[in-house]
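Quantities reported herein were computed from a predicted structural model and do not represent experimental measurements. All values below were derived from every heavy atom in this structure, side-chain atoms included, with hydrogens, water molecules and symmetry-related copies excluded. For the single chain, residues carry numbers from 1 onward in sequence order.
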Amino acid sequence: MEKFKFITEYELRASPKMLFPYISTASGLSQWFASKVNTMPEQRFDFQWDNESHIARQVSMRQNKGVRFEFLDTDEDGSDNNYVDFRVDQSELTQSTFLRVTDYSNTTDPEELQDLWDGLMDKLKEIVGS
């Protein structure tokens, strides 16, 4: 099945240090990204949407910079799994904080993905007071 890489960026009025727990911890992610998130052994997370469990492995993390979750068993041979990548950047000029989202999945409709991420970011912005 064909995969699609969708990248979008949002400006948030929150420092990277304040924003990072919301993109890297189960409790933070469950507030805006999934209906429920549980941590598991070996850097694995159980993301739940619509009462369906989706297991992901945290494959990278840089404190206050970014995190990537690779969803297991989303490719037949495991070499091209779906993933979501969150990167936090701060403009040195304006001190604005930006969250860049890379969504690599089977969803190939950019408008649908933009609407999905806009809705998720609205929830996150409300939580962080942005």
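- Between Q48 and N38, the closest heavy-atom pair is NE2-ND2, 3.8 Å.
- Under the 4.5 Å side-chain heavy-atom criterion for Ile, Leu, Val, Met, Phe, Trp and Tyr, F33 and I127 are members of the same hydrophobic cluster.
- Among all heavy-atom pairs drawn from K125 and E11, the shortest one is CE-O, 3.4 Å.
- Judged by distance alone, with hydrogens and angles left aside, the side-chain atoms of T97 form a donor-acceptor pair with the main-chain N or O of A14 at under 3.5 Å.
- Looking only at side-chain heavy atoms (C-beta outward), V128 and R13 stay at 4.5 Å or farther from each other.
- Around atom NZ of K65, no more than 12 heavy atoms belonging to other residues, nucleotides or ligands sit under 6.0 Å away.
- The minimum heavy-atom distance between W49 and A34, with the atom names listed, is NE1-CA, 3.4 Å.
- Side-chain contact, T94 with S91: a donor N or O sits under 3.5 Å from an acceptor N or O.
- For Y104 and D80, the side-chain atoms include at least one donor-acceptor pair closer than 3.5 Å.
- Contact check for L12 versus L19: side-chain heavy atoms found under the 4.5 Å cut-off.
- Atom CD of Q95 is surrounded by more than 12 heavy atoms from other residues, nucleotides or ligands within 6.0 Å.
- The closest side-chain heavy-atom distance from H54 to D46 is not below 4.5 Å.
- Residues Y83 and V59 fail the side-chain proximity criterion, which asks for heavy atoms closer than 4.5 Å.
- Between V101 and M121, the closest side-chain pair of non-hydrogen atoms falls below 4.5 Å.
- Using a 4.5 Å heavy-atom cutoff, the side chains of Q63 and F20 are in contact.
- Proximity of K5 to I7: side-chain heavy atoms (C-beta onward) are separated by under 4.5 Å at one or more points.
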Carefully, step by step, assess E2 and N106 under the rule side chain to side chain contact (heavy atoms under 4.5 Å, CB included).
-> CA-CA 6 Å; E2 190 176 327; N106 300 330; over 6 Å; no
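- Residues K36 and S30 are not in side-chain contact: their nearest non-hydrogen atoms beyond the backbone lie 4.5 Å or more apart.
- For the atom pair CE (M61) and OG1 (T25), the distance works out to 10.0 Å, reported to the nearest 0.5 Å.
- Ring geometry for F69 against F47 counts as perpendicular: the plane angle is over 60°, on a 0 to 90° scale with 30° as the lower cut.
- For CD of Q114, the number of neighbouring non-hydrogen atoms (other residues, nucleotides, ligands) closer than 6.0 Å is greater than 12.
- A distance of 11.0 Å separates CG in L29 from OG1 in T39, rounded to the nearest 0.5 Å.
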Test log, rule side chain to side chain contact (heavy atoms under 4.5 Å, CB included), inputs R100 and T8 | CA-CA 6 Å; R100 178 180 297 133; T8 188; over 6 Å; no
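- Judged by distance alone, with hydrogens and angles left aside, the side-chain atoms of D50 form no donor-acceptor pair with the main-chain N or O of E52 at under 3.5 Å.
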Evaluate the side chain to side chain contact (heavy atoms under 4.5 Å, CB included) criterion for residues S105 and F4: first the C-alpha distance (whole Å), next the side-chain angles of each, then the deciding distance (0.1 Å), finally the verdict.
-> CA-CA 6 Å; S105 68; F4 179 72; 5.8 Å; no
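- Hydrophobic clustering, with ILVMFWY side chains joined whenever heavy atoms are under 4.5 angstrom apart, keeps F45 apart from L72.
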ring-ring contact (aromatic ring centres under 6.0 Å, His included) between W32 and Y10: does it pass, once the steps are laid out?
-> CA-CA 15 Å; W32 68 278; Y10 297 89; 9.4 Å; no
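- Across every non-hydrogen atom of V67 and I23, the tightest pair is CG1-O, 3.0 Å.
- Here Q31 contributes atom CD and K123 contributes atom NZ; the two are 10.0 Å apart, rounded to the nearest 0.5 Å.
- K17 contributes atom NZ, which lies 12.5 Å from atom CD of Q90 (distance to the nearest 0.5 angstrom).
- The two residues N81 and D73 have their closest heavy-atom pair at OD1-N, 3.7 Å.
- The side-chain contact (heavy atoms from CB on, under 4.5 Å) test with W117 is passed by exactly one of D122, V84, L99, L124: V84.
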Could you walk me through whether N82 and K3 pass side chain to side chain contact (heavy atoms under 4.5 Å, CB included), step by step?
-> CA-CA 8 Å; N82 297 354; K3 302 272 180 138; 2.5 Å; yes
